[in-house]
2 protein chains.
Amino acid sequence: MPRFTHPRLEDVPLDLALHALADPNRLGMVARLASTEGLSCSDAAPCEAIPKSTLSNHLKLLRAAGLIETAQAGREMINTLRRDEFDRRFPGLLDAVLANTSS
Amino acid sequence: MPRFTHPRLEDVPLDLALHALADPNRLGMVARLASTEGLSCSDAAPCEAIPKSTLSNHLKLLRAAGLIETAQAGREMINTLRRDEFDRRFPGLLDAVLANTSS
DNA sequence: TTCAACAGTTCAATATTCCCGAACTATTAA
DNA sequence: TTAATAGTTCGGGAATATTGAACTGTTGAA
């Protein structure tokens with residue numbers, strides 16, 4: 001069973017966080033997660049077409065950037081945004097990014 | 001002589017802008033440019049060690065992301081931040097990023 | 001005028017990173 | 001048990017990034 005490692009936010013450098021957000025698919029996932037309580041990997045996917053290994057890698061990257069945490073629930077993995085922690089680490093950043101996702 | 005193309009900001013997608021910022025060297029350059037009127041390429045460099053071809057590529061990428069504009073002045077190229085235009089395109093984004101550069 | 005030095009770009013080869021199919025692990029339901 | 005489901009990991013090809021070398025254009029000096 002996969003046991004995930006979630007970084008402490010103070011160990012996440014800004015450029016890693018920006019890199020995680022600098023991809024349309026990941027950005028779409030973050031936007032989705034921002035408006036829900038928690039989503040399985042496949043439900044977090046931005047579209048049907050994306051292969052699941054790619055999806056898994058995107059989520060791993062979001063985890064490494066401190067943006068999401070993943071918990072196992074049965075055979076699903078539930079992903080949630082680490083909103084408060086991320087906001088404390090990078091004040092205003094996620095708000096600014098999300099506010100610009102629809103343009 | 002190099003004649004640069006500067007994109008219209010409305011043609012710059014968010015992920016390209018984030019990608020441009022998601023690199024320590026480029027981020028450092030943007031931060032520098034944010035606190036000056038205009039800098040030659042070599043003066044904009046974040047450190048001595050970076051090769052000039054690499055530097056040139058970083059600046060090209062920043063140009064493509066609508067973050068800077070470059071004008072020839074003698075044998076130098078003067079780079080300036082397209083602050084107002086960028087802010088109009090992505091409100092609050094650059095502020096949020098710059099506010100987090102020193103952590 | 002040349003000529004040399006300078007600021008930066010472009011090119012091409014190497015190095016790095018990313019993507020995704022295939023194989024695998026773990027969990028649940030039958 | 002077995003089959004189906006949900007997702008991870010691995011490995012190789014595709015795409016990007018880095019950088020030395022050669023080049024373009026500009027300036028100042030002889």
Side-chain angles (χ1 to χ4, degrees), chain A residues 1-7 13 15-30 32-33 36-65 67-80, chain B residues 1-7 13 15-30 32-33 36-65 67-80:
Chain A
M1 65 317 197
R3 170 61 33 91
F4 300 114
T5 68
H6 297 100
D15 52 284
L16 180 59
L18 289 172
H19 176 71
L21 295 167
D23 173 278
N25 289 320
R26 289 192 295 266
L27 200 46
M29 290 196 261
V30 169
R32 273 183 103 127
L33 289 166
T36 53
E37 281 303 310
L39 253 33
S40 71
C41 296
S42 42
D43 286 349
C47 61
E48 284 296 320
I50 189 167
K52 58 181 183 166
S53 55
T54 302
L55 181 59
S56 183
N57 273 325
H58 282 317
L59 290 166
K60 181 195 253 186
L61 216 158
L62 291 176
R63 253 185 324 263
L67 275 159
I68 65 171
E69 71 187 344
T70 306
Q72 185 158 6
R75 59 184 148 182
E76 293 189 337
M77 308 291 162
I78 299 300
N79 302 281
T80 52
Chain B
M1 66 313 193
R3 172 59 37 88
F4 300 114
T5 67
H6 297 100
D15 52 286
L16 181 57
L18 289 172
H19 176 72
L21 294 167
D23 173 277
N25 289 320
R26 290 192 294 266
L27 200 46
M29 291 196 262
V30 169
R32 273 183 105 129
L33 289 166
T36 54
E37 281 304 311
L39 252 32
S40 70
C41 296
S42 41
D43 286 349
C47 60
E48 285 296 322
I50 188 167
K52 59 182 185 169
S53 55
T54 304
L55 181 59
S56 185
N57 272 327
H58 282 316
L59 289 166
K60 182 195 252 184
L61 216 157
L62 290 176
R63 257 188 316 269
L67 275 159
I68 65 170
E69 71 187 344
T70 306
Q72 186 159 5
R75 59 185 150 182
E76 294 189 336
M77 308 291 163
I78 300 300
N79 303 282
T80 52

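Just so we're on the same page: letters track the sequence lines, and every chain starts at 1. Values below: all heavy atoms of this structure, side chains included; hydrogens, waters and symmetry mates excluded.
Residues passing the side-chain contact (heavy atoms from CB on, under 4.5 Å) test with A:Pro24, sequence neighbours excluded: B:Asp15. Scored by the side-chain contact (heavy atoms from CB on, under 4.5 Å) test, B:Ala64 finds no partners at all (sequence neighbours excluded). With sequence neighbours excluded, the residues forming a side-chain contact (heavy atoms from CB on, under 4.5 Å) with A:Ser42 are A:Ser40, listed by chain and number. Residues satisfying the side-chain hydrogen bond (donor to acceptor under 3.5 Å, both in side chains) criterion with A:His19, sequence neighbours excluded, are absent altogether.
Between A:Ile50 and A:His58 the shortest side-chain heavy-atom distance falls below 4.5 Å.
Between the C1' atom of D:dA17 and the CG atom of A:Asp15 lies a distance of 15 Å, rounded to the nearest Å.
Nearest nucleotide to the side chain of A:Met77, out of D:dA17, D:dG25, D:dG7: D:dG7.
Judged by distance alone, with hydrogens and angles left aside, the side-chain atoms of B:Gln72 form a donor-acceptor pair with the main-chain N or O of B:Gly74 at under 3.5 Å. Judged by distance alone, the side chain of B:Arg32 and the main-chain N or O of B:Ala45 form a donor-acceptor pair under 3.5 Å. No side-chain donor-acceptor contact under 3.5 Å links A:Arg26 to the backbone of A:Leu21.
Within residues 45-56 of chain A, the residues that place at least one heavy atom under 4.0 Å from DNA chain C are, in residue-number order, A:Pro51, A:Ser53, A:Thr54. The stretch residues 22-29 of chain B has no heavy atom under 4.0 angstrom from DNA chain D at all.
Between B:Arg63 and C:dT9 there is a side-chain N or O to OP1 or OP2 distance below 4.0 Å.
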